There are 2 protein chains.
Amino acid sequence: MAKIDDVARLAGVSKGTVSNVFSQKRPTSPKVTERVLRVSRELNYVPNHTARSLVTKKTMAIGLTIPHGNFFFSAFHNQFINGVILEASTYGYRVLLDMIAVEEVKTPSLASYPIDGAIVLGPTKEDRRIQLLHQNQIPFVTVGKIMNQGIEDVSTVNNNNDKIIHDICNYLISKGHRNIMFLNAGQQMTVSIVRTEAFIHALEAHQIELRPHMIHYKPLIYSEEYMRYGYDETYNTLANLEEKVTAIISDDDRTAFSAMNALKDLGYCVPEDISLFVICGDLSMMHQVTPSLTGMDLQPSELGVQSVKLLMHKLSVLEGEFTNHWIVDSKIVERDSCSSV
Amino acid sequence: MAKIDDVARLAGVSKGTVSNVFSQKRPTSPKVTERVLRVSRELNYVPNHTARSLVTKKTMAIGLTIPHGNFFFSAFHNQFINGVILEASTYGYRVLLDMIAVEEVKTPSLASYPIDGAIVLGPTKEDRRIQLLHQNQIPFVTVGKIMNQGIEDVSTVNNNNDKIIHDICNYLISKGHRNIMFLNAGQQMTVSIVRTEAFIHALEAHQIELRPHMIHYKPLIYSEEYMRYGYDETYNTLANLEEKVTAIISDDDRTAFSAMNALKDLGYCVPEDISLFVICGDLSMMHQVTPSLTGMDLQPSELGVQSVKLLMHKLSVLEGEFTNHWIVDSKIVERDSCSSV
DNA sequence: CTGAAAGCGCTTACAG
DNA sequence: CTGAAAGCGCTTACAG
C-alpha cells in the first residue's frame, strides 16, 4: 500500500500538504490539490486510518454493546441498529458490535477499546458494562434507565416505560379486563423493573389485587428455555389457575407467538377468549399475522438515531444545547388481538 | 490516560518490557511481571489499541458488509451475525458493521477501512462492495456465490442453493403440486439467480411448463413495497389467474406471513387450499405460528461461524489446510403448512 | 530475561 | 498556501 511519503515525493510536495488535501483541514491550491489527487489515484493511495487515529485520538467508531450471552436480535433491535448505523454514518462514524458480559468477571481486556464512545443496549441493574465504560472513561449513552451504578448523570435515551405500561393497562382495563398476565422481559433488566412497578401501580389505581400468577420474567440467557418462554409461562399458569386470565401483555412479538401457541393448545381463541397485547414487536409482521396483533409503537429506529445524536453531542461532534435524557414517543397501535370482556 | 512510558518509569523498567508483559510475546520474569501489572493497575493503564495497530498492522477487527439501502435484518441475519460475533471473539477479533452501497458510486472513502478482513453478506451481480474490497486489497469472504466480478478465486461460504431448490421442488412435486409460485429474493442477488435456475431445472425434470406467474422477485430497497412484497405478489397473481396455484415457496418468514395474509383475504386456507414452504426463516418462530410452517434449516449461525473461520485462515490467524469454498448443510424441517393435492 | 533506539504513517503547531 | 520537524503510543529487531 502506498503511503503518504510516496505521494508527497511523486507529487513534489510535503507530507503535510498531502495530508491537507485529504483532511481538508487547511486549504490547498487547486493545482497542488489536483496533482496530489492524481498521484494518489495512480498509486491507489488512501490515508491510513490507524495512523490518523493515533494522532487525532479519534477512532471514528462507536461501540454498540449488546448483552453477552443474551445476544438475540429481535425486530426491535434490528430497527434500532438500522437507526444507529444510518445516523452514525452521517458523522463519518462506524459501528463496532461489542458483546461485553453483563455480569461475569473476565480477565480485563488486553487493550483499550478502539472506540470513541458507546451505546449500551438493555442495561441491567449493576450492569458491568457500564462500570467498564465509566472506568475506561469512554463516553456512553444507555438505551434504557440505569440503576445502582453509582455514576452521576448518565446520558440516556429511552421510551417512557412507566407511561407505556400505564397506557396499556388503562387500555385493557377500560375493556373490562381485570385479570391480566404480564410476560415481562428479563428480570435483571432495568426496563423490567420499571414496567413491573408501573404495572402494580396501574392495578392499584383500579383496585385490582396483584396476584402471583400475574407477572413473569424472561430467562436471562438465550436458550431453549428462552425460546419457549411465552409458551411455558402461558401454558403452565393458565392450566393450573382456577380464575380466568382474560388478557396477556407480552414483552415482544416472539413471546406473543409463543404464548398464542400455548393458548391454542389450551383451546383458547384470541381475541374471543383472551386478549393479547405486544409491547415491542415488529409492527409490520404483527399486522400480517392472524389475528393481527395490537401493540405499542416504540419507534426503535428513532431511539437509535437519538442515541447517536446524544453521543455525538457528548463527543463534541455535534455542537449546541442538548439534554442528557431524551424520551422517544410511543403510542398504541390498535389491531385485532384485544377485545372487551 | 496513562501511557506505556508512565508505567515503565514507575515500575523501573523499559517500555519494551512493559510491552512484553501485556503482549506476552516474549517472556518476562515473575517479579517484573508482577511489578508492571501492579503499577498498571494503579495507573489504570491499558495498552493503546491504535498505537499497537499502527505497528502490528492489524486492527483486530473484521468488517461485516451489509447491503446499503437494503439493510434489514431478518432472523437469518440475526443468527448469522450471532455466529460471526461469537466465533470472531474467539480469535480476539471484533466486528465492524459496515454498509457499503452495492451500486451507486459515492465519493471514495476518505481513509482506509480499519479492518483486517471482511465478510460480504448477500452478494449481488457486479457487486460494488467486492470491487472495493478487492481494490483495497482487503481479504474477504462472501456468503453466497459471486458472479461477474472478474476476480479469481474468491472465498465463499454458502448453502447449496441449487440443491435446496431441488429438494424443495421435489418435496412439493412429490405431494402432487405442479403449479408452484416462487417468491424469490431480490433479483440482483446471486442467490436468487441460482435459485431461479434450479427452479426451472426442477420443473423441467418433471415436465412442468414454466409460466410467467411462477417467479417473483423481492424489491431491492427496504421500503413500504418491500414489506408488502409477499402480500402484493400473492394477491395480485392469484386474483388474476385462471389456473390454481397450489403451492408457494417463500424466500423468508416475513414474506410468508405477508403471503398468508393475502391468502386469507382471498379465502384460501393453508395448507388445505394451498401449501406454503419457507426457505429461510426463524425456525423457532415458524414452529410457534398456526399453522406451523414447513421450511428449510439453513444453519445461519453455522454459516457465520464458517465465514469467520475461513477469513481467519486467509488472515493466517488460523493455520493449516482449508478450502476456499465451504458448503453448510441444510435440510427440510417438516411442519404443517404443506399438504398433498 | 531486559534495554535502547528506530520506526509504524499519519497530523499539527510553528515558521515563512 | 506550503514545508520541516516533532510527536501520537506503541512494537520490534538488535544487542547484551
Side-chain angles (χ1 to χ4, degrees), chain A residues 1-37 39-40 43-61 92 109-116 136-138, chain B residues 1-37 39-40 43-61 92 109-116 136-138:
Chain A
M1 289 264 80
K3 51 189 69 166
I4 199 168
D5 301 81
D6 303 326
V7 176
R9 203 176 328 108
L10 254 124
V13 295
S14 72
K15 304 197 299 180
T17 299
V18 176
S19 176
N20 291 328
V21 168
F22 280 94
S23 71
Q24 304 195 343
K25 290 192 180 173
R26 297 194 310 184
T28 45
S29 70
K31 297 147 199 168
V32 168
T33 306
E34 192 273 334
R35 201 160 73 234
V36 167
L37 252 21
V39 172
S40 298
L43 298 180
N44 206 10
Y45 169 76
V46 165
N48 180 297
H49 184 272
T50 304
R52 177 182 281 178
S53 285
L54 183 57
V55 17
T56 60
K57 299 191 184 311
K58 288 184 178 179
T59 64
M60 298 307 282
S109 63
L110 267 35
S112 64
Y113 284 131
I115 53 176
D116 297 338
N136 290 314
Q137 301 179 42
I138 297 174
Chain B
M1 289 264 83
K3 49 189 72 167
I4 199 169
D5 301 81
D6 302 328
V7 176
R9 202 176 330 108
L10 254 123
V13 295
S14 71
K15 304 196 299 181
T17 299
V18 176
S19 175
N20 289 329
V21 340
F22 279 95
S23 72
Q24 304 195 344
K25 290 193 179 170
R26 297 194 310 187
T28 45
S29 70
K31 297 148 201 166
V32 168
T33 305
E34 193 272 333
R35 202 160 72 235
V36 167
L37 253 22
V39 171
S40 299
L43 298 180
N44 205 13
Y45 170 75
V46 166
N48 180 300
H49 183 271
T50 304
R52 177 182 282 177
S53 285
L54 183 57
V55 17
T56 60
K57 299 190 184 309
K58 289 184 178 179
T59 64
M60 298 307 281
S109 62
L110 269 33
S112 64
Y113 284 131
I115 53 176
D116 297 339
N136 289 314
Q137 302 179 44
I138 297 174

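Since we're looking at a predicted model, the values are computed, not measured. Every chain is numbered from 1 and lettered A, B, ... according to where its sequence line falls, protein lines coming before strand lines.
- Looking at residues 27-35 of chain B, you'll see Pro27(B), Thr28(B), Ser29(B), Val32(B) sit with a heavy atom under 4.0 Å from some atom of DNA chain C.
- In terms of heavy atoms, Lys15(B) sits closest to Ile4(B) at O-CD1, 3.5 Å.
- Extent of DNA chain D lying under 4.0 Å from chain B heavy atoms, first and last nucleotide in 5' to 3' order, is dG9(D) to dC14(D).
- For Ala8(B) against Ser14(B), the heavy-atom pair with the smallest separation is CB-C, 3.8 Å.
- For the segment residues 6-16 of chain A, residues with any heavy atom less than 4.0 angstrom from an atom of DNA chain C are, sorted by number, Lys15(A), Gly16(A).
- One C1' atom belongs to dG16(D), the other to dT12(D), and the distance between them is 16 Å to the nearest Å.
- Nearer the 5' end of DNA chain C, as judged by each residue's closest nucleotide, is the contact made by Asn20(B), out of Lys3(A) and Asn20(B).
- For Thr59(A), the side chain to side chain donor-acceptor pair (under 3.5 Å) criterion is met by Asp116(A), not counting sequence neighbours.
- Nearest approach of Pro114(A) to His49(B), heavy atoms of both residues: CB-ND1, 3.3 Å.
- Residues meeting the side chain to side chain donor-acceptor pair (under 3.5 Å) test with Thr56(B), sequence neighbours left out: none.
- With values rounded to the nearest 0.5 angstrom, Lys57(B) atom NZ is found 9.0 Å from Thr50(A) atom OG1.
- With sequence neighbours excluded, no residue forms a side chain to side chain donor-acceptor pair (under 3.5 Å) with Ser53(A).
- Residue whose closest nucleotide on DNA chain C sits further toward the 5' end, between Lys25(A) and Met1(A): Met1(A).
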Donor-acceptor contacts under 3.5 Å from residues 19-28 of chain B side chains, at least two apart:
from	atom 1	to	atom 2	distance (Å)
Asn20(B)	ND2	Gly16(B)	O	3.1
Ser23(B)	OG	Ser19(B)	O	3.1
Ser23(B)	OG	Lys25(B)	N	3.3
Thr28(B)	OG1	Thr33(B)	OG1	2.8

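- Applying the side chain to side chain donor-acceptor pair (under 3.5 Å) criterion to Asp6(A), with sequence neighbours excluded, gives Arg9(A).
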Just to be sure I follow the notation: if a pair is Watson-Crick (purine N1 to pyrimidine N3 plus N6-O4 or O6-N4) or a G-U wobble (N1-O2 and O6-N3), each under 3.5 Å, what dot-bracket string does DNA chain C give, with | for pairs to another strand? |||.||||||||.|||
